[in-house]
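Here the structure comes first, spelled out in C-alpha cells, and everything after it is commentary.
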Amino acid sequence: MISSSKLKSVDFYRKIPRDLTEASLSGAGLSIVAALCMVFLFGMELNSYLSVSTATSVIVDKSSDGDYLRIDFNMSFPALSCEFAAVDVSDVLGTNRLNLTKTIRKFSIDSNLRSTGNEFHSEPTTTNIKHDNEQHEESIGGALELTTDNFDKYAHQFPITVINFYAPWCYWSQRLRPSWEKASKIIKERYDPEADGRIVMGRVDCTQNGELCRSHHVQGYPSIRIFRKGSDVRTDHGHHDHESYYGDRDTDSLVKTMDNLVASLPTESQKLHLGDKSNLASHIKRPAPSSGGCRIEGYVRVKKVPGNLIISARSDAHSFDASQMNMSHVVNHLSFGRKVSPRVMSDVKRLIPYVGSSHDRLNGLSFINTRDFGANVTMEHYLQIVKTEVITRKDHKLVEEYEYTAHSSVAQSLHIPVAKFHLELSPMQVLITENPKSFSHFITNVCAIIGGVFTVAGILDSILHNTIRLMKKVELGKNF
C-alpha cells in the first residue's frame, strides 16, 4: 500500500500555514481590482459566445432553384389603360414572350391610384381581325359625326349608341372606315332613328375631340364602344360604363353585331326573326376600362441570363399616338426569387442586420413624367441582381434571397414609350454562414481569464509588497 506521505508528495497545491501568511491593505485592494477585472472579462467573453459570428464568401452561383428566376411585381400606371397594358419578357438568348396573361392580373385605377372596379379580364383577341377587301371604298351619309358638343345628346337619346373613336392618320382606322360607313347606312335603314330609334352608329375624330376621347379612356385607335341608355352613367365617377367591341371589322360582322345588340334590348322588339343571333360571342364584346389607369400585378419566370421586363401598350389591331402615351408608374413591389416569409426574414435580420436591405429596393418609389421631358419618353431601370444565401446554425436553415441595385433614367424614344426593366444577373453569389462556437472553447477561455488575472495580480502584489519593504528598510537606515 502507498503511504500517505508519498501521496502528499505529489500535491501541486501545497498549503501555506496560516501563521506564515500576512494580510495587507494593498493586497486587499489589489484583490478587489482583480475580482472586478475577472467579472468584466467574463462578461465580455459571455457576450462574445452568445453573439452571432458570420463568415462571408463569394462563390460561383450554385442556385438550387434551377435555371429560371421568378419575378414578383405590383406596379401602378395612372395613364395606361388596362385595355392595352401588356407585359413582355425577352433575353439575350432570343426568348421573346409577348403579352403574358396567365400569371398577370390587371385592375383599373384612377389618377390617384385608387381601384375603380373589379379585375379587368383581357381575354385573348383574334390576331387576324377580318376587314372588308375594298379598303378605300366609302359610303356617304352612314355614321353620325359626333363631337364634344353633341355627344351626350345622342348617347342619352338612343337605347344603344355604338361609337367608333378613330384617328384619321391611323392605318387601322382607315381600314375600318369603309365597312363602318356601310354598316352604319344599313343599320340606319333597318332601324330608322326617327321611326324605330333603338340603335344609332356614330364616329368621333379623336384628333379634333381629344378631351372627349380622354374622358372615355380611349388610348388606341380605332376603339369601338357600346353605350346603353339608362345604365351607362356612373354618378360617383362622372363617366360612362360601357363595353368595347373586339370582333371582326367587316361590314357583315358589324351588321350582325348591331342586330344582336338590338335583340338584347328588354322590349317587344326582341321578337325579331334573328334566329340564334341574339347572343354575342363573349370574346368580341367585353366591358371597357372604367378609368384611364391600370395596376398590374403577378409574376413571370425568366431565364437566368441578361434580359428585359417590358410593360407597354400593345395591340395587333390598334394604333397609338406616341406623343400622348405617358408611362409614369409607381413600383408598389418588385422582388426576385422565392418569397421569404416575414417571420423568417425577421429572424435573419435579427442575426445579420444588413441582409435583406436591398431585396425590394424599388418598393414605393414613383417615376412620374411631368411632361417636362417632352413626348415619347421611355422610362428605363437598370437592375443588377445578386443572389445571397444564408446558412444559420439553428436547424441548419438555408435562406435564399436576391438583392439588387437599381439605376433609373428617362430617354426619348422613336417608338411607342414603354417602361423597361433591364435585368443583369451576376454569375457569382454571396454565401453567408454562421460560425459555430463550442461550449468547451468558452469554458477554456473563462479558465484562462481567471487564471491569468489571478497570476498577474499575484505578480503585482509581490512587486508592490517587496517595494514597500524596501522603502521601509531604507527609512530605517539599514544597509545591504
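Residue numbers count from 1 along this sequence.
- A donor-acceptor pair is defined here as one N or O able to donate and one able to accept, closer than 3.5 Å; no such pair exists between the side chain of Ser81 and the backbone of Phe84.
- To the nearest 0.5 Å, atom CG of residue Asn332 and atom CG of residue Leu365 are 10.5 Å apart.
- Outside the 6.0 Å centre-distance limit, the rings of Tyr404 and His381 are not counted as a close aromatic pair.
- Pairs engaging residues 206-215 under the salt bridge (Lys or Arg N to Asp or Glu O under 4.0 Å) rule: Glu211-Arg214 [sequence neighbours left out].
- A donor-acceptor distance shorter than 3.5 angstrom exists from the side chain of Asp205 to the backbone of Thr207, with no hydrogens or angles considered.
- Between the side chain of Arg97 and the backbone N or O of Val87 there is no donor-acceptor pair closer than 3.5 Å.
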**Test log, rule side-chain contact (heavy atoms from CB on, under 4.5 Å), inputs Glu45 and Phe442** = CA-CA 7 Å; Glu45 182 65 25; Phe442 169 70; 3.8 Å; yes
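- Applying the side chain to side chain contact (heavy atoms under 4.5 Å, CB included) rule to Ile109 yields the partners Ser76, Leu113, Arg295; only residues at least two apart in sequence or on another chain are considered.
- Remark: Glu145 engages Arg203 in a salt bridge, criterion side-chain N to carboxylate O under 4.0 Å.
- Between Arg190 and Asp196, no side-chain nitrogen of the basic residue sits less than 4.0 Å from a carboxylate oxygen of the acidic one, so the salt-bridge criterion is not met.
- A donor and an acceptor atom, one from each side chain of His333 and Ser335, are located under 3.5 Å apart.
- For the residue pair Arg225 / Ser244, a side-chain donor-acceptor distance below 3.5 Å is found, with atom types taken as modelled.
- In this structure, the side chain of Ser315 engages the main chain of Ala317 through a donor-acceptor pair within 3.5 Å.
- Taking the side chain as every heavy atom from C-beta outward, Tyr402 and Val386 never approach each other to under 4.5 Å.
- Counting heavy atoms from C-beta outward, Thr95 and Val305 have side chains that stay 4.5 Å or more apart.
- Salt-bridge annotation for Arg228 and Glu243: present, with a side-chain N of the basic residue lying under 4.0 Å from a carboxylate O of the acidic one.
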**Asked** What do the steps show when you test Asn74 against Tyr299 for side chain to side chain donor-acceptor pair (under 3.5 Å), and what is the final call?
**Response** CA-CA 9 Å; Asn74 183 325; Tyr299 70 91; over 6 Å; no
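- Remark: Asn112 CG is packed, more than 12 non-hydrogen atoms of other residues, nucleotides or ligands lying under 6.0 Å away.
- Minimum interatomic distance between Met325 and Ala313 (heavy atoms only, all atoms of both residues): CE-CB, 3.5 Å.
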**Message:** Between Ile163 and Ile224, is the side-chain contact (heavy atoms from CB on, under 4.5 Å) condition met? List the steps.
**Reply:** CA-CA 6 Å; Ile163 306 297; Ile224 301 175; over 6 Å; no
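- Residues passing the side-chain hydrogen bond (donor to acceptor under 3.5 Å, both in side chains) test with His131, sequence neighbours excluded: none.
- In this structure a side-chain-to-backbone donor-acceptor pair under 3.5 Å is present from Ser184 to Trp180.
- Counting heavy atoms from C-beta outward, His216 and Phe227 have side chains that approach closer than 4.5 Å.
- We find that Asp88 and Arg314 are joined by a salt bridge, their nearest charged nitrogen and carboxylate oxygen being less than 4.0 Å apart.
- The two residues Ala85 and Leu80 have their closest heavy-atom pair at CB-CD2, 3.8 Å.
- What you find for Pro222 and Asn164 is that their closest heavy atoms are CB-OD1, 3.3 Å.
- Between the OH atom in Tyr191 and the CE atom in Met258 there is a gap of 10.5 Å [rounded to 0.5 Å].
- Inspection of the Asp149 and Thr147 side chains reveals no N or O donor paired with an N or O acceptor under 3.5 Å.
- Side-chain atoms of Tyr166 do not come within 3.5 Å of backbone N or O of Trp169 as any donor-acceptor pair.
- Side chains of Ile310 and Val89 form no contact here, defined as non-hydrogen atoms less than 4.5 Å apart.
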**Asked** Given Lys106 and Glu119, is the salt bridge (charged side-chain N to carboxylate O under 4.0 Å, His left out) satisfied, shown in steps?
**Response** CA-CA 6 Å; Lys106 296 187 285 188; Glu119 180 180 355; over 6 Å; no
Can you list, pair by pair, the side-chain donor-acceptor contacts under 3.5 Å of residues 417-430, counting residues two or more places apart and other chains?
| unit_1 | atom_1 | unit_2 | atom_2 | d |
| --- | --- | --- | --- | --- |
| His422 | ND1 | Asn308 | OD1 | 2.8 |
| His422 | NE2 | Glu380 | OE1 | 2.7 |
| Ser426 | OG | Met428 | N | 3.1 |
| Ser426 | OG | Met428 | O | 3.4 |
| Gln429 | OE1 | Lys62 | N | 3.1 |
| Gln429 | NE2 | Glu389 | OE1 | 3.3 |

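- Separating the CD1 atom in Ile71 from the CG atom in Leu309 is a distance of 5.5 Å, to the nearest 0.5 Å.
- Nearest heavy-atom pair across Leu146 and Asn209 is O-ND2, 4.1 Å.
- For the pair Thr405/Leu383, no side-chain contact is recorded, criterion being any heavy-atom separation below 4.5 Å from C-beta on.
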**Prompt:** Do Phe367 and His329 pass the ring pair (Phe, Tyr, Trp, His ring centres under 6.0 Å) test, and can you show the C-alpha distance, the side-chain angles, and the key distance before you say yes or no?
**Reply:** CA-CA 5 Å; Phe367 303 91; His329 56 276; 5.4 Å; yes
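- For the pair Val300 and Tyr68, the minimum side-chain heavy-atom distance is 4.5 Å or more.
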**Item:** Pair Phe336-Glu403, side-chain contact (heavy atoms from CB on, under 4.5 Å): steps then yes or no
**Value:** CA-CA 8 Å; Phe336 300 87; Glu403 300 192 355; over 6 Å; no
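- Every pair passing disulfide (SG to SG under 2.5 Å) that includes a residue from residues 183-219 is listed here, sequence neighbours excluded: Cys206-Cys213.
- Looking at Asn326, its side chain does come within 3.5 Å of a backbone N or O of Ser328 through a donor-acceptor pair.
- Between Asp91 and Val302, the closest side-chain pair of non-hydrogen atoms is not below 4.5 Å.
- For the atom pair CG of Leu254 and NZ of Lys130, the computed distance is 11.0 Å after rounding to the nearest 0.5 Å.
- Between the side chain of Asp192 and the backbone N or O of Ala195 there is at least one donor-acceptor pair closer than 3.5 Å.
- Between the Thr257 side chain and the Ser253 main chain, a donor and an acceptor come within less than 3.5 Å of each other.
- Between Asp360 and Leu334, every side-chain heavy-atom pair lies at or beyond the 4.5 Å cut-off.
- Taking the six-membered ring wherever Trp is involved, the centroid distance between the rings of His318 and Tyr221 does not fall below 6.0 Å.
- Note that the CG atom of Leu212 and the CZ atom of Phe151 stand 5.5 Å from one another [nearest 0.5 Å].
- In plain terms, the two heavy atoms of Ser438 and Tyr49 that are nearest each other are O-CE1, 3.7 Å.
- A donor-acceptor pair under 3.5 Å is formed between the side chain of Ser179 and the backbone N or O of Leu176.
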**Prompt:** What's the verdict on side-chain contact (heavy atoms from CB on, under 4.5 Å) for Thr388 and Leu431, showing C-alpha distance, side-chain angles and the deciding distance?
**Reply:** CA-CA 6 Å; Thr388 301; Leu431 179 63; over 6 Å; no
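- Phe158 pairs by the ring-ring contact (aromatic ring centres under 6.0 Å, His included) definition with nothing, not counting sequence neighbours.
- Ile311 contributes atom CD1, which lies 4.5 Å from atom CD1 of Ile296 (distance to the nearest 0.5 angstrom).
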